[in-house]
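Below is one structure; the comments refer to it alone.
Residue indices begin at 1 and follow the sequence shown. Just follow the structure's listing: the first ligand is 1, and inside any ligand the first atom is 1.
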Amino acid sequence: MISAQKSMAAFTSFSVLRDYARAGRIVARVRASPGISSYPSSINFLTANHSRRYLCRASATHDEEAAAKAAAINADSGVPTIFDKIIAKEIPSTIVYEDDKVLAFKDINPQAPVHVLVIPKFRDGLTQLGKAEPRHGEILGQLLYAAKIVAEKGGIVDGFRVVINNGPSACQSVYHLHLHVLGGRQMNWPPG
Ligand code: 5GP
């Protein structure tokens, strides 16, 4: 019972890490000098300098859950997501790593000084991790390895977090598998 409660707390806190820009769910306050980034970036607070102050205050409401539930409705319909447009370069993104299978780009609503999304270029049914099948083993490994490369490029390889939000109860909002690579500030546990 206690462990279930802890899991729920972790789940709730986990969701606080996420992007709630469209629903206005997260208030993030960032104090950092413009500066050094290993990535080609126009986001000033994306920095490898861990000594800089980064303050993030987050609050969540039920809107986030409602938005996630709405996003889940078409999850497996095959409808293209915003990430398909990013892959096709139809909408701009700041790409930090790319190979023939994987694309990594900065999250539009960063929850840490470094916040990069790592996605498979070919979705192949991987709308979410919970849809993974044995044939996905190779790409799942490639995504994790790409996360490590992204962490190195961001100067956070000594301390970073990889998050996958799976399904409405984890407030997944885009149904194209993606890893959040977060770092550049102290990460707490339980996550939040
Ligand atoms: P999820 O909530 O599904 O775990 O994560 C989806 C992530 O995609 C969010 O962190 C959100 O900020 C990010 N995102 C949504 N739309 C865009 C976009 O158009 N460009 C970029 N770079 N990130 C996006």
Side-chain angles (χ1 to χ4, degrees), residues 10-30 37 39-46 54 56 58-77 79-98 102-121 123 125-132 140 143-144 146-147 150-151 153-154 156 160-185 187 191-192:
F11 234 179
T12 303
S13 299
F14 228 53
S15 67
V16 170
L17 286 172
R18 303 178 52 265
D19 159 43
Y20 307 125
R22 282 169 294 183
R25 304 302 316 284
I26 284 279
V27 178
R29 231 179 7 193
V30 177
S37 170
Y39 303 140
S41 171
S42 60
I43 300 175
N44 286 339
F45 65 77
L46 184 61
Y54 180 90
C56 181
S59 62
T61 74
H62 294 295
D63 293 349
E64 155 200 320
E65 295 170 22
K69 281 179 185 154
I73 290 170
N74 291 321
D76 295 307
S77 64
V79 170
T81 71
I82 192 79
F83 291 172
D84 290 295
K85 294 189 172 171
I86 288 173
I87 292 165
K89 315 268 169 52
E90 289 170 11
I91 64 169
S93 69
T94 304
I95 294 170
V96 300
Y97 173 78
E98 182 172 15
V102 173
L103 184 69
F105 52 95
K106 292 181 190 173
D107 197 294
I108 202 167
N109 184 31
Q111 301 303 314
V114 176
H115 186 173
V116 173
L117 301 173
V118 180
I119 68 172
K121 285 186 171 175
R123 193 166 57 176
L126 280 174
T127 51
Q128 58 193 105
L129 185 60
K131 300 289 182 184
L140 291 173
L143 290 167
L144 269 182
V150 163
K153 284 176 173 277
I156 58 167
F160 66 101
R161 182 169 290 168
V162 178
V163 173
I164 298 174
N165 297 312
N166 183 90
S169 60
C171 289
Q172 181 177 357
S173 62
V174 179
Y175 278 83
H176 182 130
L177 177 65
H178 49 284
L179 283 59
H180 297 257
V181 179
L182 297 143
R185 64 171 167 85
M187 294 293 174

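- At a 4.0 Å heavy-atom cut-off, ligand 1 touches Leu117 through the side chain alone.
- Per-residue contacts place Asn165 under 4.0 angstrom from the following atoms of ligand 1 (heavy atoms of the residue considered): 4 (O).
- Residue His178 places a heavy atom under 4.0 Å from ligand 1.
- Under the rule for a side-chain hydrogen bond (donor to acceptor under 3.5 Å, both in side chains), Asn74 has no partner lying at least two apart in sequence or in another chain.
- Considering only heavy atoms from C-beta on, Phe83 comes within 4.5 Å of Leu117 through its side chain.
- Of the listed options Ile91, Ile86, Thr81, Asp107, Asp107 places a heavy atom closest to atom 7 (C) of ligand 1.
- Of the possible donor and acceptor atoms, none in the side chain of His178 sits under 3.5 Å from a partner among the backbone N and O of Val116.
- Distances below 4.0 Å separate heavy atoms of Gln172 from the following atoms of ligand 1: 3 (O).
- If you look at Ile82 next to ligand 1, the close heavy atoms, those under 4.0 Å, all belong to the side chain.
- Polar contact with ligand 1: absent for Ser93 (N/O pair, distance under 3.5 Å).
- Without hydrogens or angle criteria, Arg185 side chain to Gln111 main chain gives a donor-acceptor distance under 3.5 Å.
- Applying the 4.0 Å criterion to heavy atoms of Asn109 picks out, from ligand 1, the atoms 12 (O).
- The proximity of Ser173 to ligand 1, defined as any non-hydrogen pair under 4.0 Å, involves the side chain as well as the backbone.
- Applying the side chain to side chain contact (heavy atoms under 4.5 Å, CB included) test to Leu140 and every residue at least two apart in sequence or in another chain returns Leu126, Leu129, Ala132, His136, Leu143, Leu177.
- Residue Phe83 has at least one heavy-atom neighbour below 4.0 Å for each of these atoms of ligand 1: 8 (O).
- Every atom of ligand 1 with a heavy atom of Phe105 under 4.0 Å away is listed here by number and element: 21 (C), 22 (N).
- The closest approach between a heavy atom of His180 and any atom of ligand 1 is below 4.0 Å.
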